[in-house]
S.K.: 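Let me give you the structure first, and then I'll get to my questions.
Just so you know, these numbers come straight off a predicted model, no measurement behind them. Letters A, B, ... are given to chains in the order of the sequence lines, protein chains preceding strands, and every chain is numbered from 1. Reckoned from all heavy atoms, side chains included, excluding hydrogens, waters and symmetry mates.
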Protein chains: 2
Amino acid sequence: MTRGTGREQSPAAPRSVDVARLAGVSQKTVSRVFNDEPYVSAEVRRRVLEAAEQLGYRRNNAARALASGRTRSIGVVTLGTALYGPASLLMGVERVVRDTGYALRVVNTMEGDPAGLAGAVGSLLDQGVDGIVISEPIEEEGAEGDLTVPVNVPVLVLGAPPPFTASTVLYGAGGADLMARAAIEHLLDLGHPTVHHLAGPQRWYAAKDRLEGWRAALAAHGRDRPPVIEGDWSAASGYAAGRELAADPEVTAVFAANDDMAIGLIRALAEAGRRVPEDVSVVGFDDIPVAAYVTPPLTTVRQQFDTVAQEGLKRLVHAIENPQAEALPASDPPVHLVVRASTQPPPPRRPPGRRRHTASRPGGGPHDPPPANGGSSTHH
Amino acid sequence: MTRGTGREQSPAAPRSVDVARLAGVSQKTVSRVFNDEPYVSAEVRRRVLEAAEQLGYRRNNAARALASGRTRSIGVVTLGTALYGPASLLMGVERVVRDTGYALRVVNTMEGDPAGLAGAVGSLLDQGVDGIVISEPIEEEGAEGDLTVPVNVPVLVLGAPPPFTASTVLYGAGGADLMARAAIEHLLDLGHPTVHHLAGPQRWYAAKDRLEGWRAALAAHGRDRPPVIEGDWSAASGYAAGRELAADPEVTAVFAANDDMAIGLIRALAEAGRRVPEDVSVVGFDDIPVAAYVTPPLTTVRQQFDTVAQEGLKRLVHAIENPQAEALPASDPPVHLVVRASTQPPPPRRPPGRRRHTASRPGGGPHDPPPANGGSSTHH
DNA sequence: ATGAAAGCGCTAACAC
DNA sequence: GTGTTAGCGCTTTCAT
């Protein structure tokens with residue numbers, strides 16, 4: 001209707017020249033208006049915007065990218081899981097990216113993906129992103145070490161050491177070891193002689209970090225370090241681990257690397273007649289939405305995904321827009337241990353080999369309303 | 001190093017002409033090779049690929065998009081939540097999109113976002129996507145009905161009726177009503193006189209669908225339709241609902257619109273002395289990863305996000321690549337009710353007003369190992 | 001404060 | 001089978 005090419009199919013999107021013509025200015029002026037450049041009179045700006053509105057003009061991003069060499073988009077590599085941690089981080093990233101005016105492109109790396117991280121990053125590079133976020137990468141078999149593709153955009157790695165070298169690499173989401181440590185110390189403070197660890201899959205850096213925090217905390221307090229059981233993040237693996245641990249009367253406290261495993265673990269313990277928290281205390285990690293409502297309500301470490309995403313992206317965008325400048329400093333997120341009903345002091349020591357069931361804990365029965373978010377204390 | 005512009009900064013990405021020159025062919029031939037077009041001799045193809053490899057050539061997508069008018073990317077609008085359902089769907093979508101050779105752009109609509117769906121779609125249109133997936137939209141206040149922006153690309157709406165008109169609109173992820181219905185019928189089959197419903201927020205179409213299935217099932221069987229309680233998907237809201245329902249001795253079966261609410265509900269019931277499943281049966285929806293490991297293991301409706309995503313995207317891509325062709329038909333996903341321990345026949349009827357605790361269920365105590373995935377039956 | 005001209009790196013249509 | 005010629009719709013640089 002507007003531009004008379006004759007074809008009715010879909011009336012060809014208006015271009016900036018069309019707007020310029022209608023507004024009676026040059027095409028460049030339209031460009032100026034849309035880029036908020038200075039030196040456009042208010043009157044002209046108004047005319048241009050009005051013409052654009054009338055035509056339903058949207059600027060063509062491909063042309064823009066081609067001419068400017070920047071796509072104004074950020075790519076994120078995530079694992080293709082709906083696991084609470086990675087999914088929450090992704091949502092946090094999206095929120096911030098949009099706020100900063102960039103577009104978001106997403107690719108997944110599946111566990112066992114042959115191309116893996118390199119493939120994912122390559123695909124983003126193909127798409128021409130201005131920066132890359134790698135969220136919770138896992139260790140690749142074989143492709144250990146450097147990426148084969150040269151990465152010429154800034155990269156933000158959330159929750160892991162550098163998987164490769166790029167022009168600029170930033171880190172974020174550290175401090176999981178400190179968080180784990182706070183969990184362990186909570187249990188030691190309650191009087192547990194030591195704490196067992198149900199670790200996450202060690203190909204995940206997140207799992208390694210938590211293991212490391214556990215190790216460090218026990219070492220710092222001169223405690224025994226019992227053997228580690230490795231799960232796969234799933235409640236099923238936590239359940240399997242629980243069956244093992246239930247058989248060992250020495251176990252009075254367990255730190256699980258995520259809440260799902262903690263829930264499976266608690267179930268297995270309960271089925272074996274070892275009550276939580278009376279006989280065994282359990283701490284999880286993540287603070288998933290149901291953590292306060294399972295039985296017993298789970299003591300756990302809350303991750304602040306939004307904060308982590310926000311802080312990391314601020315630094316990434318800074319690096320994109322100020323290529324020569326110094327990288328902004330990272331800051332460890334605060335540790336936030338949420339104490340609920342799954343932890344309490346250990347049962348009194350007694351000669352091994354005798355089965356017994358101790359009295360109920362003071363005021364901690366299942367009839368207490370779960371603290372909505374209550375009982376949380378912030379360490380560090 | 002290769003192209004001598006003198007600047008060492010970052011040695012300017014090679015272009016297809018550079019490859020052409022090195023391979024001793026025309027630039028167009030390079031284009032042919034990279035687009036897998038026919039009519040290139042094996043020998044030339046080899047030379048081109050080798051030259052490209054040597055130069056580290058990656059084709060410029062902005063230029064490609066500008067010249068061809070297609071971005072080879074699909075945009076997805078999701079809610080900015082890590083809720084299991086939406087997050088799983090997003091992951092499913094990503095997986096399929098990559099397989100089909102498209103890139104994925106993601107924008108969120110936050111609840112209460114002023115721009116809302118229109119803003120999100122507009123932002124994708126700005127980015128120049130070839131197709132749009134709208135995942136689980138919620139009803140917008142005010143902006144009811146049509147989008148103000150013209151959408152000239154095919155749109156796939158997952159889990160909702162048409163929020164607007166576009167050139168092509170496809171639907172997917174229907175059938176939630178049938179799934180809800182299967183859940184209700186499972187409870188009726190067990191002998192419950194009727195089933196209460198803890199609904200999701202009714203601004204979500206997914207919540208409406210489940211409510212509708214509940215309503216239809218009760219109507220079909222001529223049962224009472226008790227008042228509906230509306231939650232917000234959270235375990236906390238399920239807990240609140242549970243306190244209400246616990247006070248009503250008539251309640252013997254509850255269908256919760258998602259698992260998180262079901263878990264909160266069960267906790268509130270337990271605290272009020274109403275055991276699940278002995279006194280009250282509960283069915284959830286989603287089959288979240290921990291559903292089999294909470295106490296009691298949750299009977300729930302499993303959603304097949306991968307299938308839904310795959311099926312929907314196949315149709316979307318078809319619509320993108322065959323603009324004139326008939327839309328591929330949709331197919332309802334199969335209903336998959338996973339029966340675990342949170343449901344059983346109702347306790348024997350007795351005069352109202354008397355409190356009692358009935359015997360334990362036959363072989364259904366907490367010491368049964370949770371069926372990993374067991375006890376599932378597929379309806380419809 | 002505004003405009004003219006020259007590409008950005010590719011694909012499309014046609015020639016050979 | 002391969003090359004040539006034009007743009008795609010912007011941003012950039014430089015004039016004015």
S.K.: By nearest heavy atom, map B/A63 and B/R45 onto DNA chain D; which one lands nearer the 5' end?
M.R.: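 Going by which nucleotide is closer to the 5' end, it is B/R45.
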
S.K.: In terms of side-chain geometry, is the basic nitrogen of A/R46 or A/E43 positioned less than 4.0 Å from the acidic oxygen of its partner?
M.R.: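 Salt bridge present between A/R46 and A/E43.
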
S.K.: Would you indicate what A/Y57 reaches in the nucleic acid, counting non-hydrogen atoms under 4.0 angstrom: base, sugar-phosphate, or nothing?
M.R.: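 Touches sugar-phosphate only.
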
S.K.: For the pair made of CZ in A/F34 and C1' in D/dG9, what is the distance, rounded to whole Å?
M.R.: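 Value for this atom pair: 13 Å.
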
S.K.: Measure from CZ on B/R58 to C1' on C/dG9 and round the result to the nearest Å.
M.R.: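 Atom CZ in B/R58 sits about 16 Å away from atom C1' in C/dG9.
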
S.K.: Taking only the side-chain heavy atoms of B/V44 (C-beta and beyond), determine which of C/dG3, D/dC10, D/dT2 contains the nearest atom.
M.R.: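 The listed nucleotide nearest to B/V44's side chain is D/dT2.
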
S.K.: Specify the separation, in whole Å, of atom CD of A/E37 and atom P of C/dT2.
M.R.: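 That distance rounds to 12 Å.
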
S.K.: Flag the pair A/D306 and A/R95 as a salt bridge only when some basic side-chain nitrogen lies within less than 4.0 angstrom of an acidic carboxylate oxygen.
M.R.: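 Answer for the salt bridge query: yes.
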
S.K.: Tell me which of B/R32 and B/N35 sits closer to the 5' end of DNA chain C, going by the nucleotide each one is nearest to.
M.R.: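 Taking each residue's closest nucleotide, the earlier one in sequence belongs to B/N35.
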
S.K.: Out of C/dC10, D/dG3, C/dG3, which has the shortest distance to the side chain of B/Q27?
M.R.: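 The answer is C/dC10.
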
S.K.: Can you identify which nucleotide, out of C/dC10, D/dG9, D/dT11, has its nearest atom closest to the B/S16 side chain?
M.R.: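 My answer, after comparing the listed nucleotides, is C/dC10.
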
S.K.: Using only side-chain N and O atoms of A/T29, determine if any of them is under 4.0 Å from OP1 or OP2 of C/dG3.
M.R.: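 Checking C/dG3 against A/T29, a side-chain N or O does come within under 4.0 Å of OP1 or OP2.
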
S.K.: Round to a whole Å and report the spacing from CG of B/D126 to C1' of D/dG9.
M.R.: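 One finds 15 Å between C1' of D/dG9 and CG of B/D126, rounded.
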
S.K.: Within the structure, does a side-chain N or O atom of A/S41 lie under 4.0 Å from either OP1 or OP2 of C/dA1?
M.R.: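 No.
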
S.K.: Measure from CZ on A/R47 to C1' on C/dT2 and round the result to the nearest Å.
M.R.: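 My rounded result for the distance is 11 Å.
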
S.K.: Starting from the 5' end of DNA chain C, give me the residue, A/K28 or B/A62, whose nearest nucleotide shows up first.
M.R.: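 The residue whose closest nucleotide sits nearer the 5' end is A/K28.
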
S.K.: Go through D/dT2, D/dT11, C/dT2 for me and flag the one nearest to the A/S68 side chain.
M.R.: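 Looking only at heavy atoms from C-beta outward on A/S68, the closest nucleotide is D/dT11.
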
S.K.: Does B/D130 use its side chain to pair, donor to acceptor, with the backbone of B/R72 at less than 3.5 Å?
M.R.: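 Flag set: sc B/D130 to bb B/R72 pair under 3.5 Å.
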
S.K.: Report the nucleotide, chosen from D/dG9, D/dG1, C/dC10, that has the shortest atom-to-atom distance to any side-chain atom of A/A67.
M.R.: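 For A/A67, the side-chain atoms sit closest to D/dG9.
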
S.K.: Look at the side-chain N and O atoms of A/Y39 and state whether any lies under 4.0 Å from the OP1 or OP2 oxygen of D/dT16.
M.R.: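 Checking A/Y39 against D/dT16: no side-chain N or O falls below 4.0 Å of OP1 or OP2.
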
S.K.: In Å and rounded to the nearest 0.5 Å, what is the OG1 to CG distance from B/T78 to B/L89?
M.R.: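 Reported to 0.5 Å precision, the distance equals 10.0 Å.
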
S.K.: Closest-nucleotide mapping onto DNA chain D: is B/G24 or A/R64 further toward the 5' terminus? I mean the 5' end.
M.R.: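 Closer to the 5' end of DNA chain D: B/G24.
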
S.K.: What is the nucleic acid contact for A/V25, judged by heavy atoms within less than 4.0 Å: base, sugar-phosphate only, or nothing?
M.R.: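 Counting heavy atoms under 4.0 Å across all strands, the contact made by A/V25 is with sugar-phosphate only.
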
S.K.: Could B/E50 and B/R47 be called an ion pair, given the rule that one side-chain N must be under 4.0 Å from one carboxylate O?
M.R.: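 Salt bridge flag = no for B/R47 with B/E50.
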
S.K.: For the pair made of CG in B/L66 and P in D/dA6, what is the distance, rounded to whole Å?
M.R.: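 That distance rounds to 18 Å.
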
